[in-house]
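Each remark here refers to the structure printed beneath this line.
Everything numeric here is computed off the predicted structure, so don't read it as measured data. Every heavy atom of this structure was used, including side-chain atoms; hydrogens, water molecules and symmetry mates were not.
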Amino acid sequence: MAVISPALNAAYFDITKVGSSSVKEALWRLETGEPFAGTGLTKVRNHLRWRLARAGLAEPRNIHEEPGYRNQRYDLAQVPDGYARFTLVRDPAARLRSAWRDKINRAQFEWRGEVMDLEADGLPLDPSFGEFIDHFELYRSISRPVRVHVTPYSWHLGSNLKEFDQVFRIEDGGALAAWMSDQAGHSVELPRENSSAGEVRDDRLSVAQIEKLFVITAPDYALLGDLYDADAAAEMFRARSAA
């Protein structure tokens with residue numbers, strides 16, 4: 001399901017680990033006139049609720065849980081006629097690495113109550129990137145954060161990018177913000193969301209792990225066509241791992 005924006009006369013199809021929090025926050029501000037966390041006392045209350053959620057004392061509330069902003073399987077049925085369809089994509093292998101860096105770790109597993117299940121299968125709670133790739137299917141079968149953040153591009157976008165009016169690459173800087181500004185008739189900024197601390201886990205991959213990474217992501221590269229070069233991306237991973 002897309003996020004429908006009357007302010008842009010457009011429908012946004014989100015993809016996990018591809019700036020979706022930033023785009024949804026910008027759309028929320030366009031439609032409501034304020035940040036998702038609110039301002040003043042509302043912001044304080046929401047911040048307190050979030051801290052309680054982190055401590056396991058309340059249900060987490062984030063923009064992805066709001067009606068109309070939830071991450072759901074691709075469906076054109078609810079897009080109004082005449083609305084522009086747009087999405088934001090990134091290199092598939094880099095997206096998978098980002099999911100590992102931000103979501104595949106002890107803190108996430110503890111928060112979601114998944115530690116016991118992972119340990120029962122002998123899986124590390126803070127895996128290296130190589131360990132994650134080696135056990136990719138098992139991590140995905142056990143952990144919801146893994147499943148949510150590595151869903152294939154086709155789950156989000158269907159099977160034909162020609163159904164979209166605009167497909168932006170996250171690597172192309174401010175192209176999306178510029179287009180949103182044109183659609184809105186005034187300047188639109190994309191806030192930086194979900195930034196993470198420096199990564200200290202090992203992200204090097206063996207030759208076999210690089211091969212598996214690009215088997216996993218092959219359908220994504222195929223869907224995205226000439227937007228990304230899988231061979232060039234694989235060479236970057238080989239160079240990083242050899243350094």
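A salt bridge does not link Arg140 with Glu137: every distance from a Lys NZ or Arg NE/NH1/NH2 to an Asp or Glu carboxylate oxygen is 4.0 Å or more.
Under the 30°/60° scheme for interplanar angles, the aromatic rings of Phe13 and Phe164 are found to stand perpendicular. Using bins of under 30°, 30° to 60° and over 60° for the plane-to-plane angle, the ring pair Phe86/Trp179 lands in the tilted bin. Under the 30°/60° scheme for interplanar angles, the aromatic rings of Phe214 and Phe237 are found to stand perpendicular. Phe136 and Phe132 have perpendicular rings, their planes meeting at more than 60° on a 0 to 90° scale where under 30° would count as parallel.
Not a single donor-acceptor pair under 3.5 Å links the side chain of Glu110 to the backbone N or O of Val115. Side-chain atoms of Ser181 come within 3.5 Å of backbone atoms of Ala177 as a donor-acceptor pair (strictly under, hydrogens ignored). Side-chain N or O atoms of Lys24 include none that pairs as donor or acceptor with a backbone N or O of His64 at under 3.5 Å. Under a 3.5 Å cut-off, the side chain of Arg97 and the backbone N or O of Phe129 do not form any donor-acceptor pair. Side chain of Asn105 to backbone of Asp126: no donor-acceptor contact under 3.5 angstrom is found. Between the side chain of Ser128 and the backbone N or O of Asp203, no donor-acceptor pair lies under 3.5 Å. Of the possible polar contacts, none joining the Asp121 side chain to the Leu123 backbone as a donor-acceptor pair under 3.5 Å is found.
To the nearest 0.5 Å, atoms CE (Met180) and OG (Ser187) are separated by 10.5 Å. Put simply, CG on Asp14 and OH on Tyr74 are 13.5 Å apart, with the number rounded to the nearest 0.5 Å. With rounding to the nearest 0.5 angstrom, the CZ atom of Arg90 is 11.5 Å from the CZ atom of Arg169. Between the CZ atom of Arg73 and the NE2 atom of His156 there is a distance of 9.5 Å, given to the nearest 0.5 Å. Atom OH in Tyr153 sits 9.0 Å away from atom CG in Leu223 (nearest 0.5 Å). Here the straight-line distance linking atom CG of Leu8 with atom OH of Tyr83 works out to 9.5 Å at 0.5 Å rounding.
Applying the side chain to side chain contact (heavy atoms under 4.5 Å, CB included) test between Phe109 and each of Met116, Glu114, Glu119 identifies Glu114 as the sole match.
Between the side chains of Tyr221 and Asp91, at least one donor N or O lies within less than 3.5 Å of an accepting N or O. In this model, a donor atom of one side chain and an acceptor atom of the other lie less than 3.5 Å apart for Gln209 and Asp134. With no hydrogens or angles considered, a side-chain donor-acceptor pair links Arg95 and Thr16 at under 3.5 Å. Glu171 and Tyr228 share a side-chain donor-acceptor pair at under 3.5 Å.
The local environment of CZ in Arg204 is sparse, with at most 12 non-hydrogen atoms from other residues, nucleotides or ligands closer than 6.0 Å. Under a cut-off of 6.0 angstrom, the local environment of CZ in Arg147 is crowded, with over 12 non-hydrogen atoms contributed by other residues, nucleotides or ligands. Remark: Glu189 CD is loosely packed, at most 12 non-hydrogen atoms of other residues, nucleotides or ligands lying under 6.0 Å away. Atom CD of Gln78 has 12 or fewer heavy atoms from other residues, nucleotides or ligands within 6.0 Å.
At least one side-chain heavy atom of Asp220 sits under 4.5 Å from a side-chain heavy atom of Pro152. Counting heavy atoms from C-beta outward, Trp28 and Val3 have side chains that stay 4.5 Å or more apart. Within the 4.5 Å cutoff, no side-chain heavy atoms of Ile15 are placed close to those of Leu88.
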